[in-house]
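Below: the structure, in structure tokens.
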Amino acid sequence: MNVRRHTSRAALAVLALAVVTTGIASAPSASAMSKIKCKQTTGTAAVDPIVHHNEPKAMVHVHTFFGNNSWLAKGSSANYSDLLGKGTNCENPADTAGYWTPQLTTLSGTPVQVQAFTAYYRPFTGVGGADFGPGEVIPADTRLVASDYDWSCGQFSNTGPQPSIPSCLGESGKPGHTLTAHVTFPNCWDGKLPNHTTSEVGNTADNAHWAYKIRANGTKNYTCPSGFSHQMIQLRETIQYAYTGNGTDLKLGSDSMAGTSDGRSLHADFWNTWDMAGFKSMVKNCVNAGGTFTAAECG
């Protein structure tokens, strides 16, 4: 688990002086990133336009969707041109990407309310690296499925990362004190651009061309595996649920299909249908060094 690195007092002094002299309204946090909140779900359905593209009768578990408002109308036959430029429920209007995760329900099938969804875009090094850092922009139409996950009871709780749904008894239910899922996407790329056709049937994920970063020769520095020369920005999603129970009465829609239980099938899908000019601006200003960090763009 990455540990947040705080800036030195000297660096903070320089930053404060820069804010005063340039009139910037919002200074970057100790670890600069874009923190994009999506206000509510766009809906739930047994739809999966990446893994089951153009397979409307496939056995698909129910997903909860965020971001782009056009997913459910198009179903599993959605294509890039159907989604680009459409509306979004995310606070950054340029973020028209699609995000979805398996639906969380009680054992009897009652959906658990999503309290908040946040997409964190971070430097290649992640939160544990420098304040601003390197990281290339994810190419348009990239389709990824991520399975690097953990559960907790929120960032302010004493329940650390868990592989299954933990007990959150005693938590207040306020933000940072409720059941929370985290999913991190790979951010090493081999350079092969997506080339999807509208007629493709079945799994259109680009994961074969992506890999997770690794430690470099036992050091604390990160690098990419052999064959994946591009160090990309890192996407990490956080889903907070309005739940403070003991965790034994919940399941994910994908658990039974994966032959598991207790939320151990947690994963997330990302389809890059961002407005690419807005995406590049966000990465320049919020993630890489040298841009202008503002709350309006970076959260």
Side-chain angles (χ1 to χ4, degrees), residues 2 4 24-43 50 63-71 83-101 114-127 129 131-146 148-149 152 154-155 175-176 178 180-187 232-241 267-289 291-299:
N2 290 325
R4 186 181 297 274
I24 297 174
S26 300
S29 60
S31 292
M33 68 181 87
S34 177
K35 181 180 179 181
I36 298 175
K37 292 183 177 293
C38 298
K39 301 171 186 176
Q40 70 278 329
T41 70
T42 58
I50 290 180
H63 291 97
T64 302
F65 287 79
F66 307 90
N68 195 297
N69 289 328
S70 300
W71 297 100
L83 306 166
L84 189 65
K86 299 301 189 295
T88 180
N89 68 4
C90 297
E91 291 180 347
N92 184 333
D95 185 1
T96 54
Y99 308 92
W100 60 97
T101 59
V114 173
Q115 190 180 64
F117 173 91
T118 308
Y120 294 89
Y121 288 91
R122 314 189 296 191
F124 169 77
T125 48
V127 172
D131 292 351
F132 290 96
E136 297 180 40
V137 177
I138 301 170
D141 201 18
T142 295
R143 310 175 188 187
L144 295 173
V145 182
D148 180 8
Y149 77 88
S152 75
Q155 67 185 106
T178 189
T180 304
H182 310 271
V183 185
T184 303
F185 284 76
N187 64 331
M232 315 298 291
I233 58 172
Q234 182 184 73
L235 169 60
R236 179 173 168 86
E237 297 176 8
T238 296
I239 307 100
Q240 299 176 60
Y241 296 93
H267 59 280
D269 295 58
F270 166 72
W271 191 338
N272 183 16
T273 56
W274 268 81
D275 173 271
M276 287 305 293
F279 197 13
K280 292 174 182 178
S281 175
M282 179 274 288
V283 172
K284 174 186 176 182
N285 291 321
C286 311
V287 181
N288 300 156
T292 301
F293 190 104
T294 65
E297 185 169 34
C298 306

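Here the structure is a predicted model, which means the values were calculated and not measured.
Side chain of Asn285 to backbone of Thr292: a donor-acceptor contact under 3.5 angstrom is found. Here the side chain of Thr96 pairs no donor or acceptor atom with the backbone of Thr88 at under 3.5 angstrom. Counting only distance, with no hydrogens or angles, the side chain of Asn89 and the backbone of Gly67 share a donor-acceptor pair below 3.5 Å. Under the 3.5 Å distance criterion, the side-chain polar atoms of Asn68 are matched with a main-chain donor or acceptor of Leu83. Put simply, the side chain of Ser34 never gets that close to the backbone of Tyr121: no donor and acceptor are under 3.5 Å apart. Listed for the Gln155 side chain is no donor-acceptor partner under 3.5 Å among the backbone atoms of Gly176.
Atom-to-atom distance recorded for Gln234:CD and Thr125:OG1 is 8.5 Å, nearest 0.5 angstrom. Here the CD1 atom belonging to Ile36 is positioned 9.0 Å from the CG atom belonging to Leu235, to the nearest 0.5 angstrom. The line from CG of Asp275 to CG of Leu84 is 7.0 Å long, rounded to the nearest 0.5 Å. Rounding to the nearest 0.5 Å places CZ of Phe279 at 10.5 Å from OG1 of Thr273. Taking NE2 of His182 as the reference point, atom CD of Gln240 lies at 8.0 Å (rounded to 0.5 Å).
Of the options Tyr120, Phe270, Phe66, Phe185, a ring-ring contact (aromatic ring centres under 6.0 Å, His included) to Tyr99 is made by Phe270 and by none of the others.
Remark: the Ser281 side chain and the Glu297 side chain contain an N/O donor-acceptor pair separated by less than 3.5 Å.
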